Amino acid sequence: MLYFSVKDKVYLFYCFYILFIALAQLSISGHSFFLLGENAFLYEISIIGFTTLSSIFVIPFIQLFLKTDEYVPKYEKYLYLIPISYVVALVLRVLGVIEISYSIMDLNGLILAICFFTIGIIAAKGGYRSAYFFLLAWSFLLIGLVVYILHNLMIINLGSFANAPLLAGTAIEALLLSFALADKINILKKEKEKEQIDKLEAVKENERLIKEQNIYLEKMVKSRTEELELTLKNLQNTQTQLVNQEKMASLGQLTAGIAHEINNPINFVSSNISPLKRDMKDILELMDVYREKGKLEFSEESKEEIEELEEDIEFEYLLEEVDQLLTGMEDGAKRTVEIVRGLKLFSRVDEQDVKEVDLREGLDSTLILLNSTISGRIKVNKNYEEIPMVECLAGKINQVFMNIISNAIHALLDHPIEGREPELTINTSFKNGFVMIEIKDNGIGMPESVKEKIFDPFFTTKAVGKGTGLGLSIVYTIILENHKGTLEVESEENVGTVFYIGLPVNQKG
């Protein structure tokens with residue numbers, strides 16, 4: 001039952017060893033005669049035969065029980081000489097050599113007991129617990145065997161109790177070995193528990209290592225993700241800067257070219273209007289003289305012809321129309337000169353370095369360029385306080401004004417609010433070393449979800465093809481990164497949006 005429970009061969013070998021020892025004791029006491037079918041020959045050789053069989057099983061039992069491969073590895077192979085010696089004794093008994101066969105059997109028993117006793121002592125010294133039970137059990141067997149051999153050698157005479165010491169020693173030895181095997185179960189149980197504890201600790205250690213590995217991997221993934229996000233941000237910033245530079249270069253060249261091409265002819269026109277007005281005034285004065293003199297000196301017939309001609313050409317109206325045309329030409333020329341000046345101020349192609357600039361001029365030039373969109377449709381309020389000159393890249397700052405004001409105009413015109421006049425308010429002030437520009441509209445405003453993303457590259461609320469989503473991203477880069485300024489936005493739906501721009505007066509300070 002123990003063997004089939006724990007699958008340990010030591011119990012199987014022990015069972016067969018005890019079985020044949022018991023049969024040998026039955027043969028000594030004479031009881032096996034009946035078990036062997038009252039066969040006299042089998043009974044005569046049964047004592048040596050059963051003892052030989054028990055020796056065959058006791059050797060592997062001792063090897064497993066006392067772990068001879070661990071404690072006496074060099075000598076365990078010689079243990080098999082004992083069963084061979086028993087077989088020799090059995091053969092001699094079958095051949096009828098009785099005395100010699102029994103002497104060999106007694107000698108084998110003594111040698112076996114001494115060998116096993118010695119191995120037990122060595123194992124006990126090695127700290128093997130089962131060896132103590134084995135030594136105690138084998139001591140009783142050895143004592144009984146010695147007494148039995150001494151009786152056979154006629155050194156002592158036990159009479160009718162000659163077999164009693166051997167029987168008692170064998171019984172006590174079997175009993176104590178049973179205890180030893182039971183203790184071995186406890187040892188196996190403890191070893192099993194220890195093995196389970198070790199496995200549990202190993203599992204816990206593996207879990208700990210897995211957790212540490214997961215934490216490490218999470219840190220690595222987070223680190224890689226941050227690196228990728230930083231790389232992506234740098235790429236987006238680089239792309240924005242490239243687009244910004246390209247737009248600035250293209251816009252600067254375009255506006256500079258337009259300003260240059262328009263400047264010469266418009267200067268010619270505007271410079272010639274005043275002389276033309278003086279000439280026309282002189283001509284009209286001459287005409288007045290002719291008319292006055294003609295009334296005195298012309299004949300009635302000539303006067304009638306002149307009056308008819310004046311009526312045909314509507315001379316009085318013609319004089320008024322010439323005056324209106326000259327005034328319109330003068331106003332148009334002045335307006336064109338303002339536009340050209342605005343273009344030149346906006347482009348600033350000749351100012352690539354940081355220079356002191358009056359930001360109000362940049363705001364005015366932007367409004368001039370956007371006048372065709374604003375005029376008559378949006379009320380513009382300009383509240384300019386006195387501000388110092390600001391060190392900046394004028395062209396880039398003008399681009400900031402252009403992008404923000406253009407967005408405000410689109411918000412006001414594309415989404416008009418019924419009953420509300422569109423208004424654009426621009427305020428300037430100076431506070432704590434910063435020039436503050438406030439650009440405010442009273443349009444539809446922005447929801448919080450849109451407000452959080454307006455400075456992201458390529459984010460736009462306009463229809464496909466109507467915007468790139470780079471305008472405010474460029475504004476953010478120019479103000480915060482290029483000029484170390486501040487940029488804030490406040491917006492409320494159906495109330496309006498306000499952009500607050502702060503620029504330090506001194507960039508190098």
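Bear in mind that the values here come from a model prediction, so they are computed numbers and not experimental data. Position 1 is the first residue of the sequence; numbering continues from there.
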Set out, in order, the CA-CA distance, both residues' side-chain angles and the distance that settles side chain to side chain contact (heavy atoms under 4.5 Å, CB included) for Val450 and Ser491, then state yes or no. CA-CA 10 Å; Val450 174; Ser491 185; over 6 Å; no
Counting heavy atoms not belonging to Glu99, are there more than 12 under 6.0 Å from its CD? no
Nearest 0.5 angstrom please: Asp441 CG to Phe499 CZ, how far? 8.5 Å
Just how far is it from atom OH of Tyr476 to atom CG of Asn482, taken to the nearest 0.5 Å? 12.0 Å
Check whether any side-chain heavy atom of Phe430 lies under 4.5 Å from a side-chain heavy atom of Val505, and answer yes or no. yes
Determine the minimum heavy-atom distance between Tyr86 and Thr52, stating which atoms define it. O-OG1, 3.3 Å
Taking all non-hydrogen atoms of both residues into account, name the closest pair between Ile104 and Ala89 and its distance. CG2-CB, 3.8 Å
Would you say the side-chain atoms of His483 pair up with the backbone N or O of Leu393, donor to acceptor, closer than 3.5 Å? yes
Run the side chain to side chain contact (heavy atoms under 4.5 Å, CB included) check on Arg360 and Ile387 step by step: do they pass? CA-CA 9 Å; Arg360 292 171 296 185; Ile387 58 174; 3.9 Å; yes
How far apart are the closest heavy atoms of Leu359 and Cys392, and which atoms are they? CD2-SG, 4.2 Å
Can you check whether Ile426 reaches Ile405 side chain to side chain, under 4.5 Å on heavy atoms? yes
Mind checking ring pair (Phe, Tyr, Trp, His ring centres under 6.0 Å) for Tyr71 and listing every partner two or more places apart, or none if nothing turns up? Tyr128
Residue pair Gln399 / Ile478: nearest heavy atoms and the distance that separates them: OE1-CD1, 3.8 Å
Test item: Val400 and Val475 side chains (from C-beta on) under 4.5 Å apart, heavy atoms: yes
Decide side chain to side chain contact (heavy atoms under 4.5 Å, CB included) for Leu424 and Ile439; before the verdict, give the C-alpha distance in whole Å, the side-chain angles of both, and the deciding distance to 0.1 Å. CA-CA 7 Å; Leu424 177 65; Ile439 301 174; 4.1 Å; yes
Within the 4.5 Å heavy-atom criterion, are Ile111 and Ser85 side-chain neighbours or not? no
Output yes when a side-chain donor or acceptor of Ser223 lies under 3.5 Å from a complementary backbone atom of Lys219, and no otherwise. no
Closest heavy-atom contact between Val435 and Pro388? CG2-CD, 3.9 Å
When rounded to the nearest 0.5 angstrom, what is the spacing between CG in Leu363 and OG1 in Thr428? 7.5 Å
Could you give the distance from CG (Leu370) to CE (Met402), rounded to the nearest 0.5 Å? 4.5 Å
If I take atom CD1 from residue Ile479 and atom CD1 from residue Ile404, how far apart are they, to the nearest 0.5 angstrom? 7.0 Å
Within a 6.0 Å radius of atom CG on Leu81, are there more than 12 heavy atoms belonging to other residues, nucleotides or ligands? yes
Go through the steps to decide whether Glu212 and Arg208 satisfy the test salt bridge (charged side-chain N to carboxylate O under 4.0 Å, His left out), and finish with yes or no. CA-CA 6 Å; Glu212 290 180 355; Arg208 185 184 67 80; 2.4 Å; yes
How many angstroms lie between CG in Asn214 and CG in Leu209, if you round to the nearest 0.5 Å? 11.0 Å
So do Val489 and Met446 actually touch side chain to side chain, heavy atoms under 4.5 Å? yes
In short, Ile56 meets Pro83 closest at the heavy-atom pair CG1-CB, 4.3 Å
Do the charged groups of Glu201 and Lys204 touch, with an N to O distance under 4.0 Å? no
Salt bridge or not between Lys199 and Glu195? Use side-chain N to carboxylate O under 4.0 Å. yes
Can you tell if the side chain of Ile100 reaches within under 4.5 Å of the side chain of Ser103, non-hydrogen atoms only? no
Check whether more than 12 heavy atoms from other residues, nucleotides or ligands sit under 6.0 Å from atom CG of Asn432, and answer yes or no. no
May I ask you to say whether Lys211 pairs ionically with Glu207, meaning some side-chain N is under 4.0 Å from a carboxylate O? no
Side-chain contact test, heavy atoms from C-beta onward, threshold under 4.5 Å: evaluate it for Ile397 versus Leu503 and give yes or no. yes
Can you name the one residue among Asn442, Leu412, Ile444 that meets side-chain contact (heavy atoms from CB on, under 4.5 Å) with Ile417? Ile444
Close side-chain approach of Ile98 and Arg93, heavy atoms under 4.5 Å: yes
